[in-house]
There are 2 protein chains.
Amino acid sequence: MVKKNAHKHRSGCPLACALDLIGDHWSLLIVRDLIFLDRHEYKDMLSSEEGISSNILSDRLKKLEAAKLVASIPHPESGRRKLYYLTARGKDLVYLLIDIARWSEKHLGDIVDIPPEKKELLTNNPDLMVELTLKDLDDWEKAHGVKT
Amino acid sequence: MVKKNAHKHRSGCPLACALDLIGDHWSLLIVRDLIFLDRHEYKDMLSSEEGISSNILSDRLKKLEAAKLVASIPHPESGRRKLYYLTARGKDLVYLLIDIARWSEKHLGDIVDIPPEKKELLTNNPDLMVELTLKDLDDWEKAHGVKT
DNA sequence: TAGAATACTTGCATTATGCAATCAGTTGAA
DNA sequence: TTCAACTGATTGCATAATGCAAGTATTCTA
């Protein structure tokens, strides 16, 4: 069904190629859920603050899996659930996301809402924030027996 | 005409807020044209490799100007032309764009096409690449009498 | 002063999105 | 063993965004 522009890319430009994969309103928010908000299930992402639609979530998860940014395993406690997680390719977006957050904090400070302790880390030591975030993901993977 | 979701934002999340401004298929490519490709006129952007439509380009330039990422001045050689350039807020996206390019180079290496000398700089010394890029923009602004 | 160039705008067909409802497989309690 | 509830989707339909071709207004050039 959904497979239309899965593989088309507009040019060889590295920015254009990346944007063909993640340059839409929702994909990076799903990646955010997986990286920063510890949301690994469909229903968790569905109930995120921004209110993504069920069909869009389903579509984007498929596209992200097709692009090898996201993978999934069955939930250990229940066969009807799935656990989504980021591949190495997906986890590498953490630098990018933190850059976006830094830009937002700097330029959209009056409309964004960042918890103070995260704000300080983001502003003063983004490299440490990346490191801690990657460690969290690593711990999650170890706890769930994901081999990467 | 075009003003629908200009100011709505989905949440206070810094990623969501940024994506409300630049999270679409075209906005960052326009920023790329202005930052890296020295395209400052409508017709230059219109003829970029990715083939943006005239109405979409017009719409995105308006939105980027409304978001204070882009500004414009009349072309000094011709009153019927305009020169677009990045505000400080827009120029600050250079870190982000270089991060995207690095990610692309690393993970989409087989489909992206980067000139060798840029590739080396991007891979080995991205900070210098940022610095050189910002200097180019500064030179352009000085040459065109833009005060920032 | 005619014609070309530039920066858009308009009309219209196609595609994507949002929302509500529905579906199918799994689970757990009765 | 049955059946309601849960979960990860899919479907139908209305609305919005996009793509493409053509048109318009203004300015420069010859």
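Remember, predicted model here, so these are calculated numbers, not experimental data.
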Quiz item: Touch check for B:S78, heavy atoms < 4.0 angstrom, all strands: base, sugar-phosphate only, or nothing?
Solution: sugar-phosphate

Quiz item: Taking 4.0 angstrom as the limit, do A:R39 and A:D44 come out as a salt bridge?
Solution: no

Quiz item: Do the side chain of B:R80 and the base of D:dT27 come within less than 3.5 angstrom through a donor-acceptor pair of N or O atoms?
Solution: yes

Quiz item: Taking atom P of D:dT7 as reference, at what distance in whole Å does atom CG of A:N55 sit?
Solution: 20 Å

Quiz item: Taking OP1 and OP2 of C:dA7, is either one under 4.0 Å from a side-chain nitrogen or oxygen of B:S58?
Solution: no

Practice problem: Rounded off to whole Å, could you give me the CG-to-P distance for the B:L57 and D:dC20 pair? | Solution: 14 Å

Quiz prompt | A:S54 and A:Y42 side chains, donor-acceptor separation under 3.5 Å | solution = yes

Quiz item: What is the distance, rounded to the nearest whole Å, between atom CG of B:D59 and atom P of D:dC20?
Solution: 16 Å

Quiz item: With distance as the sole test, does B:W103 use its side chain to make a donor-acceptor pair with the main-chain N or O of A:R89 at under 3.5 Å?
Solution: yes

Exercise. Using atom CD1 of A:I56 as one end and atom C1' of D:dA17 as the other, report the distance to the nearest whole Å.
Key: 12 Å

Quiz prompt | Residue whose closest nucleotide on DNA chain C lies nearer the 5' end, A:E77 versus B:Y84 | solution = B:Y84

Practice problem: Examine D:dT18: is either OP1 or OP2 under 4.0 Å from a nitrogen or oxygen in the side chain of B:R60? Give yes or no. | Solution: yes

Exercise. Calculate, to the nearest 0.5 Å, the distance between atoms CG and OG belonging to B:L93 and B:S27 respectively.
Key: 10.0 Å

Practice problem: Could you tell me the separation between the CZ atom of B:R81 and the P atom of C:dT6, rounded to a whole number of Å? | Solution: 6 Å

Quiz item: Can you name the one residue among A:H144, A:H40, A:K82, A:E41 that meets side-chain hydrogen bond (donor to acceptor under 3.5 Å, both in side chains) with A:H75?
Solution: A:E41

Quiz item: Roughly how many Å is it from NE2 in B:H25 to C1' in C:dT14, rounded to a whole number?
Solution: 15 Å

Quiz item: Rounded to the nearest Å, what distance is computed from the CD atom of residue B:E41 to the C1' atom of nucleotide C:dA5?
Solution: 11 Å

Quiz item: In whole Å, what is the span from the NE2 atom of B:H75 to the C1' atom of D:dT26?
Solution: 16 Å

Quiz item: Distance check: side-chain N/O of A:K62 vs OP1/OP2 of D:dT10, anything under 4.0 Å?
Solution: yes

Quiz item: Looking only at side-chain N and O atoms, does B:W26 come under 4.0 Å of OP1 or OP2 in D:dT18?
Solution: no

